[in-house]
Asker: 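Have a look at this one.
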Amino acid sequence: KGKGLRPALVLLAARAIGDVTEEVRSAAVGIELLQASTLLHDDVIDDSPIRRGNPSVNAQWGNEVAVLMGDMLFTQALALFVSTGSLSVMDAAARQTRLLIEGEIFARELRAAPDFSEDSYLELIRRKTGALMSLSSEVGAMLTGADEERIELMREYGRYLGMAFQI
């Protein structure tokens with residue numbers, strides 16, 4: 001199961017290159033809050049009545065509450081990324097979150113198509129699950145002071161791990 005995988009990836013990436021600091025821990029929590037916010041928004045978009053075997057927030061309290069809760073979690077995630085003191089972390093969070101949103105738009109386009117290709121599916125999961133996993137390993141590396149080459153390797157590792165996880 002995916003629970004805790006993204007924050008664990010932040011911690012493991014940091015440990016692979018350097019030390020797990022308070023900033024790394026904050027980023028790990030931020031990643032999980034970001035993930036939770038996307039799930040709330042996804043359930044509204046998909047009109048999902050169930051999340052992990054339980055009634056979804058939107059099914060229990062309506063779409064307005066679900067969107068506002070998702071927004072609250074998203075802003076708390078941003079605050080945690082800011083607390084790391086790293087503009088690079090904020091830039092990565094913005095870039096990967098934008099990619100994730102583009103993935104949701106792409107998913108909507110694919111739902112309207114009668115069928116879609118394997119390449120379309122791979123592009124979709126690269127943008128969605130791949131983006132958050134990529135952010136996780138990238139941020140873990142960034143906060144250890146890794147050089148750009150190692151950060152890029154961790155970014156790619158997370159992307160491919162996320163795609164494999166989704167498949």
Side-chain angles (χ1 to χ4, degrees), residues 1-17 24-25 27-59 63 66-67 69-71 73-74 76-78 80-81 88-143 146 150-167:
K1 302 212 180 218
K3 279 189 142 179
L5 182 57
R6 284 158 292 275
L9 189 54
V10 175
L11 301 173
L12 289 169
R15 174 52 85 198
I17 297 171
V24 171
R25 287 184 190 89
V29 173
I31 295 283
E32 196 63 9
L33 292 178
L34 179 59
Q35 164 67 6
S37 77
T38 67
L39 295 179
L40 287 166
H41 290 151
D42 278 351
D43 286 349
V44 171
I45 291 167
D46 297 338
D47 198 25
S48 298
I50 295 175
R51 168 67 56 190
R52 295 187 178 126
N54 296 310
S56 62
V57 171
N58 56 303
N63 287 340
V67 168
M69 287 179 68
D71 291 350
L73 292 173
F74 180 72
Q76 186 59 43
L78 293 179
L80 286 164
F81 296 142
S88 295
V89 167
M90 285 301 301
D91 180 64
R95 181 175 20 84
Q96 297 290 16
T97 301
R98 184 174 47 252
L99 186 61
L100 191 143
I101 294 166
E102 289 171 1
E104 191 58 48
I105 293 167
F106 186 56
R108 183 182 165 126
E109 292 170 6
L110 288 178
R111 281 194 293 272
D115 60 349
F116 57 91
S117 67
E118 181 179 324
D119 287 343
S120 293
Y121 174 72
L122 292 174
E123 180 62 18
L124 175 65
I125 65 174
R126 181 188 72 80
R127 292 182 186 187
K128 290 185 76 177
T129 309
L132 272 179
M133 295 283 214
S134 181
L135 178 62
S136 299
S137 55
E138 177 180 16
V139 164
M142 282 177 173
L143 290 172
R150 286 187 178 172
I151 292 169
E152 176 61 28
L153 288 170
M154 283 296 191
R155 183 183 303 127
E156 289 294 309
Y157 172 78
R159 179 175 299 122
Y160 290 123
L161 180 65
M163 291 174 71
F165 174 81
Q166 190 63 49
I167 290 168

Asker: Is a side-chain donor or acceptor of S120 paired with a backbone partner of F116 at a separation under 3.5 angstrom?
Answerer: no
Asker: Is the side chain of N58 donor-acceptor paired with the backbone N or O of D43 at a distance under 3.5 Å, no angle test?
Answerer: yes
Asker: Does V24 reach the side chain of V139, with side-chain heavy atoms less than 4.5 Å apart?
Answerer: no
Asker: Run the side chain to side chain contact (heavy atoms under 4.5 Å, CB included) check on I151 and R155 step by step: do they pass?
Answerer: CA-CA 6 Å; I151 292 169; R155 183 183 303 127; 3.5 Å; yes
Asker: Is there a side-chain hydrogen bond (donor to acceptor under 3.5 Å, both in side chains) between S134 and E156? Walk through the geometry before answering.
Answerer: CA-CA 6 Å; S134 181; E156 289 294 309; over 6 Å; no
Asker: Is the closest basic N to carboxylate O distance between D46 and R111 below 4.0 Å?
Answerer: yes
Asker: How many angstroms lie between CZ in R51 and CG in L40, if you round to the nearest 0.5 Å?
Answerer: 8.0 Å
Asker: State, with a plain yes or no, whether a side-chain heavy atom of R159 is found less than 4.5 Å away from one of R126.
Answerer: yes
Asker: If you round to the nearest 0.5 Å, how far is CG of L12 from CD1 of I17?
Answerer: 11.5 Å
Asker: Using modelled atom types and a 3.5 Å cut-off, is there a donor and acceptor pairing between side-chain atoms of T97 and backbone atoms of A93?
Answerer: yes
Asker: Does this structure show an ion pair linking E104 with R108, if we count only N-O contacts that are shorter than 4.0 Å?
Answerer: no
Asker: Could you tell me if the side chain of Y121 sits less than 4.5 Å from the side chain of L110, heavy atoms only?
Answerer: no
Asker: Quick one: closest heavy-atom pair of A13 and G140, and the distance?
Answerer: CB-CA, 4.1 Å
Asker: Look up atom CG in L34 and atom CG in L100, then write down how far apart they are to the nearest 0.5 Å.
Answerer: 7.0 Å
Asker: With no hydrogens and no angle check, is any side-chain donor or acceptor of S56 less than 3.5 Å from a backbone partner on S48?
Answerer: yes
Asker: Within this structure, what is the CZ-CG distance for the pair R127 and L132, rounded to the nearest 0.5 Å?
Answerer: 14.5 Å
Asker: Which heavy-atom pair separates G162 from T129 by the least distance, and what is that distance?
Answerer: O-CG2, 3.3 Å
Asker: Thinking salt bridges, do E138 and R95 make one under a 4.0 Å N-O criterion?
Answerer: yes
Asker: Taking atom OG of S137 and atom CE of M142, what is their separation to the nearest 0.5 Å?
Answerer: 10.0 Å
Asker: Determine, step by step, whether L5 and F165 satisfy the side chain to side chain contact (heavy atoms under 4.5 Å, CB included) criterion, reporting the C-alpha distance in whole Å, the side-chain angles of both residues, the deciding distance to 0.1 Å, and the verdict.
Answerer: CA-CA 10 Å; L5 182 57; F165 174 81; 3.9 Å; yes
Asker: Are V10 and R6 side-chain neighbours, meaning at least one heavy-atom pair lies under 4.5 Å?
Answerer: no
Asker: Kindly indicate whether the side chain of L9, heavy atoms from C-beta on, has any atom under 4.5 Å from the side chain of M133.
Answerer: yes
Asker: As an exercise, state the distance from CG of L73 to OG1 of T38, rounded to the nearest 0.5 Å.
Answerer: 10.0 Å
Asker: Under the criterion side chain to side chain contact (heavy atoms under 4.5 Å, CB included), I'd like the reasoning laid out for M163 against L124: C-alpha separation, chi angles, the key distance, then a yes or no.
Answerer: CA-CA 9 Å; M163 291 174 71; L124 175 65; over 6 Å; no
